Amino acid sequence: MAAEALETKEAERVEEMEKKLKEKKMSWGKLRRVDSLSLEAGRFSDFSGLHGSKFDWKTTVSLAFQSLGVVYGDIGTSPLYVYSSTFTDGIHHRDDVLGVLSLIIYTILLVPLLKYVFIVLWANDSGDGGTFALYSLICRYTKVSLIPNQQPEDRKLSNYRLDTPSNQLSRSIKIKEKLETSKAAQIMLFLITILGTSMVIGDGVLTPCISVLSAVSGINSLNEDAAMGLTIAILIILFSVQRFGTDKVGYSFAPIIFLWFSFISGIGLYNLFKYGIGVLRAFNPKYIINYFNRNGKQGWISLGGIVLCITGTEAMFADLGHFNVQAISFSGIVFPALLSAYSGQAAYLTKFPNHVQDSFYKSIPAPLYWPTFVVAVAAAIIASQAMISGAFSIISQSQSLGCFPRVKVVHTSVKHEGQVYIPEVNYMLMAACVVVTLGFKTTEKIGNAYGIAVVAVMVITTCMVTLIMLIIWKTSMWRIVLFITVFGAVEVVYLSSVLYKFKQGGFLPLAFSFFLMAIMGTWHYVHKQRYMFELSNKVSGDFVKNLALNPDVSRVPGMGLLYSELVQGIPPIFPHFVGNIPSIHSVLVFVSIKSLPISRVAPEERFLFREVEPRDQHMYRCVVRYGYKDAVEDPKEFEQQLVEGLKEFIRHRRFALEEGGQVDPAEKHSNANILRGSSSVIHNEEAVSARHQTLPSVSSGSIQSVNVSKSAHSSSELLQAAEDDMQFVQKAMEKGVVYLLGEAEVVAEPNSSLFKKIIVNYVYTFLRKNFRQGKKVLAIPRSRLLKVGMTYEI
């Protein structure tokens with residue numbers, strides 16, 4: 001009776017396991033063959049990142065309020081210095097004030113409002129903005145990435161959201177093909193991207209300097225050196241509070257900026273009615289034409305000062321990841337307040353043209369002077385926040401895509417994942433701001449440098465959005481022509497003007513940008529060459545098979561995670577490990593951390609697995625996919641997620657074995673079991689290479705129908721084997737997880753050119769040694785880290 005009860009209990013357990021696995025059963029008949037790592041590649045949730053989802057109105061209003069303090073502070077403090085930067089030699093004709101006001105009005109309406117709010121903000125990458133977000137969006141729809149690590153599964157991610165270009169839109173297809181086949185176009189697109197990124201970071205240096213210095217200059221009793229010293233002290237305090245995060249900083253700053261907009265709009269209306277409402281004639285664009293006819297070349301040069309009225313516009317897009325489109329678009333108080341402030345100052349200057357160098361403070365009514373000054377200083381400090389937050393965001397994105405040396409990225413908000421803080425970059429920006437303030441000393445000189453950085457980023461954004469319109473949005477041609485004609489023409493004219501002041505300080509942002517481009521380009525080049533070296537030197541499957549038969553190599557308890565950048569194949573560092581330490585953990589997982597050109601990957605879609613032959617050796621490959629906004633989990637959480645995913649993979653593998661399937665002759669010959677999922681297949685590691693070597697003419701999208709005999713194992717034996725494997729993996733984890741990391745020293749080949757040797761052997765090595773090491777970025781605990789050195793000659 002006891003035996004029967006035991007058998008009954010066992011049968012019930014098997015039946016229960018079968019039922020659970022049957023629930024996961026998928027249709028095998030609708031398959032297309034792809035080079036898959038896991039059944040998981042066929043299962044996708046309806047996940048969309050925080051910014052891709054719809055926000056309720058309370059969240060949107062909350063974020064809109066925060067955005068006042070973070071996004072609009074920069075453009076909001078421009079009235080402090082625009083007129084003084086425009087009329088550097090004084091006002092020579094009364095109507096010049098109307099001409100400049102007219103230019104300010106239409107520049108604000110065209111660029112920040114029409115271009116950015118209504119067009120550019122919608123060219124976001126699942127809610128994230130900035131130059132790199134545009135680049136990653138283009139990379140998703142065209143194969144222009146310089147690192148060839150694309151996999152079919154990546155396009156299946158719920159956050160990828162790809163639409164196959166329509167056959168009817170031949171223009172989109174032709175442009176896409178030209179980009180994919182032209183190496184020069186791909187390199188040019190990458191260089192433009194990192195140039196735009198460098199310019200935004202340059203804005204992060206110049207914005208705090210000019211904003212704070214212009215506000216502090218309102219104290220007439222302070223001489224130039226005293227104003228400079230006070231500015232530096234305020235800047236140091238500003239950068240010191242960045243570690244508290246955008247969330248807390250935004251809530252703290254927003255009320256002050258709201259008060260600032262209230263002050264400037266009220267004072268503007270007061271001046272407008274007191275000194276002459278007639279300046280509203282500037283809404284007539286004929287005053288722009290008259291201004292240029294009257295001033296000629298000097299009018300064109302003055303555009304370098306006028307363009308400062310839209311400083312911080314790019315922050316609206318770069319800071320999008322900190323908020324959302326609706327919150328930033330909700331700018332109902334910003335633009336009316338700005339127009340009131342500029343119109344009020346213009347009315348005042350028609351009566352007192354000699355006060356142009358200090359028109360903002362001179363136009364304030366006496367009782368409001370000191371309250372306005374205090375708020376102005378606070379607002380100027382806050383204005384710097386927009387570009388500082390933007391710099392953090394784009395550096396985080398560029399690092400994830402292998403275009404910036406490793407730095408520590410701290411996610412400062414549990415509610416809004418895009419809010420990040422980078423300590424190393426923060427203190428570098430602070431040091432740069434102090435140096436610039438000491439070197440330039442006046443807002444006029446800083447303004448000369450500032451304009452180039454502002455306009456150059458806008459031109460680059462216009463070019464990339466045009467490309468998105470052509471390839472992704474597939475916009476009608478007349479709209480594209482209208483977009484590039486209107487905004488491109490305006491921005492190119494402004495760019496030509498600010499470049500005229502190259503010797504007066506305009507060289508600074510360009511020099512700074514080219515310095516950053518050199519760092520980013522060097523890092524990305526060596527990163528790519530290192531990947532190609534590993535790809536061309538990956539280990540054959542025969543090595544692993546021979547390793548299993550080698551009596552000198554022992555298996556030790558526990559789980560080993562060997563890190564590699566390869567997404568296919570076994571990295572060359574593995575035999576180097578075995579050669580130095582002739583032992584392998586009982587469970588070995590080759591882990592590849594892969595950054596995708598999307599903002600976020602859903603946790604349930606993060607892991608892809610493949611079994612490495614021989615199957616009984618408990619060796620697996622795992623690709624861990626992150627978006628450029630995803631944070632790397634702490635070791636304990638990462639290990640738990642990986643093991644759970646691996647056990648799920650084993651479950652699916654046994655279930656697929658039970659179901660049987662269709663294999664092609666090459667796979668049958670190599671004894672590789674093809675395990676099928678809903679839109680993908682599971683391969684043993686060697687099955688993939690065997691299929692490609694023996695059947696090159698078979699389309700990867702086809703299915704070969706071949707009769708396959710039923711498995712010799714019964715359902716209960718297969719289920720028991722799956723249970724045993726899962727228990728083996730769990731016990732290996734409990735014994736301890738060890739991280740195996742290859743410390744690769746990258747050097748140029750002996751026959752390389754002198755320039756390449758300098759870049760690889762010295763510049764890259766300096767960057768790698770002076771920035772964060774891989775073990776810190778991956779949050780690997782030092783007590784469980786084992787490193788082996790190896791030299792890569794590229």
Side-chain angles (χ1 to χ4, degrees), residues 30-36 41-42 44 48 52 115 119-126 128-194 196 401 459-488 528 567 595-599 627-628 679-680 692 696-703:
K30 298 180 180 179
L31 289 177
R32 293 180 62 83
R33 185 184 306 283
V34 294
D35 185 10
S36 172
F44 311 106
S48 59
K115 176 190 168 184
I119 300 174
V120 174
L121 288 183
W122 298 97
N124 62 80
D125 181 22
S126 298
D128 292 294
T131 310
F132 254 102
L134 293 175
Y135 179 69
S136 69
L137 191 62
I138 294 170
C139 286
R140 293 225 306 276
Y141 284 81
T142 58
K143 296 178 182 179
V144 294
S145 175
L146 297 178
I147 298 181
N149 66 345
Q150 296 90 350
Q151 289 174 290
E153 295 88 352
D154 298 339
R155 290 175 174 266
K156 301 295 184 179
L157 288 170
S158 54
N159 236 17
Y160 229 90
R161 295 177 186 161
L162 289 183
D163 293 321
T164 304
S166 170
N167 291 330
Q168 288 76 20
L169 296 176
S170 58
R171 179 196 69 210
S172 173
I173 297 173
K174 288 178 181 178
I175 295 173
K176 181 173 178 287
E177 288 175 349
K178 287 181 179 179
L179 281 175
E180 292 178 347
T181 55
S182 173
K183 196 70 176 179
Q186 294 172 17
I187 293 173
M188 182 60 66
L189 182 61
F190 174 74
L191 291 176
I192 289 173
T193 301
I194 63 174
L401 294 176
V459 172
I460 290 171
T461 299
T462 298
C463 294
M464 297 187 77
V465 171
T466 301
L467 195 58
I468 288 172
M469 286 179 167
L470 288 167
I471 298 174
I472 303 172
W473 291 353
K474 297 180 277 292
T475 310
S476 59
M477 185 55 73
W478 72 267
R479 292 182 179 178
I480 296 174
V481 171
L482 184 64
F483 175 82
I484 195 70
T485 302
V486 174
F487 300 115
K528 176 197 170 186
V567 297
S595 295
L596 298 179
I598 60 176
S599 56
Y628 54 75
S679 61
S680 59
H692 290 302
S697 61
V698 177
S699 170
S700 63
S702 65
I703 299 177

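Computed over heavy atoms, backbone and side chain alike; hydrogens, waters and symmetry mates excluded. Since this is a predicted model, take the numbers as computed values, not measurements.
If you take CD1 on Ile173 and CD1 on Ile471, they are separated by 11.5 Å, rounding to the nearest 0.5 Å. The distance from the CG atom of Leu467 to the CG atom of Leu137 is 10.0 Å, given to the nearest 0.5 Å. Atom CD1 of Ile484 is separated from atom OG1 of Thr462 by 6.0 Å, given to the nearest 0.5 angstrom. Rounded to the nearest 0.5 Å, atoms SG (Cys463) and CZ (Phe487) are 13.5 Å apart.
Side-chain polar atoms of Trp473 and Thr475 form no donor-acceptor pair below 3.5 angstrom. Remark: the Thr461 side chain and the Lys115 side chain contain no N/O donor-acceptor pair separated by less than 3.5 Å.
Contact annotation: the side chain of Leu470 approaches that of Met477 to within less than 4.5 Å [non-hydrogen atoms, C-beta and beyond]. Using a 4.5 Å heavy-atom threshold, the side chains of Ile119 and Met469 count as touching. In this structure, the side chains of Tyr135 and Ile192 stay at 4.5 Å or more apart for every pair of heavy atoms. Within the 4.5 Å cutoff, the side chain of Phe190 has no heavy atoms near those of the Val144 side chain.
Evaluation of the side-chain hydrogen bond (donor to acceptor under 3.5 Å, both in side chains) rule for Thr131 yields no partner, not counting sequence neighbours. Residues forming a side-chain hydrogen bond (donor to acceptor under 3.5 Å, both in side chains) with Thr466 (at least two apart in sequence, or on another chain): none.
Here the closest heavy-atom approach between residue Leu121 and residue Asn124 is recorded as O-ND2, 2.8 Å. When all heavy atoms of Ile468 and Ala123 are compared, the closest pair comes out as CD1-CB, 4.4 Å.
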Hey, can you pull the donor-acceptor pairs under 3.5 Å for the side chains in residues 181-189, sequence neighbours left out?
{"unit_1": "Thr181", "atom_1": "OG1", "unit_2": "Glu177", "atom_2": "O", "d": "2.8"}
{"unit_1": "Thr181", "atom_1": "OG1", "unit_2": "Lys178", "atom_2": "O", "d": "3.4"}
{"unit_1": "Ser182", "atom_1": "OG", "unit_2": "Ala185", "atom_2": "N", "d": "3.1"}
{"unit_1": "Gln186", "atom_1": "NE2", "unit_2": "Leu179", "atom_2": "O", "d": "3.1"}
{"unit_1": "Gln186", "atom_1": "NE2", "unit_2": "Glu180", "atom_2": "O", "d": "3.1"}

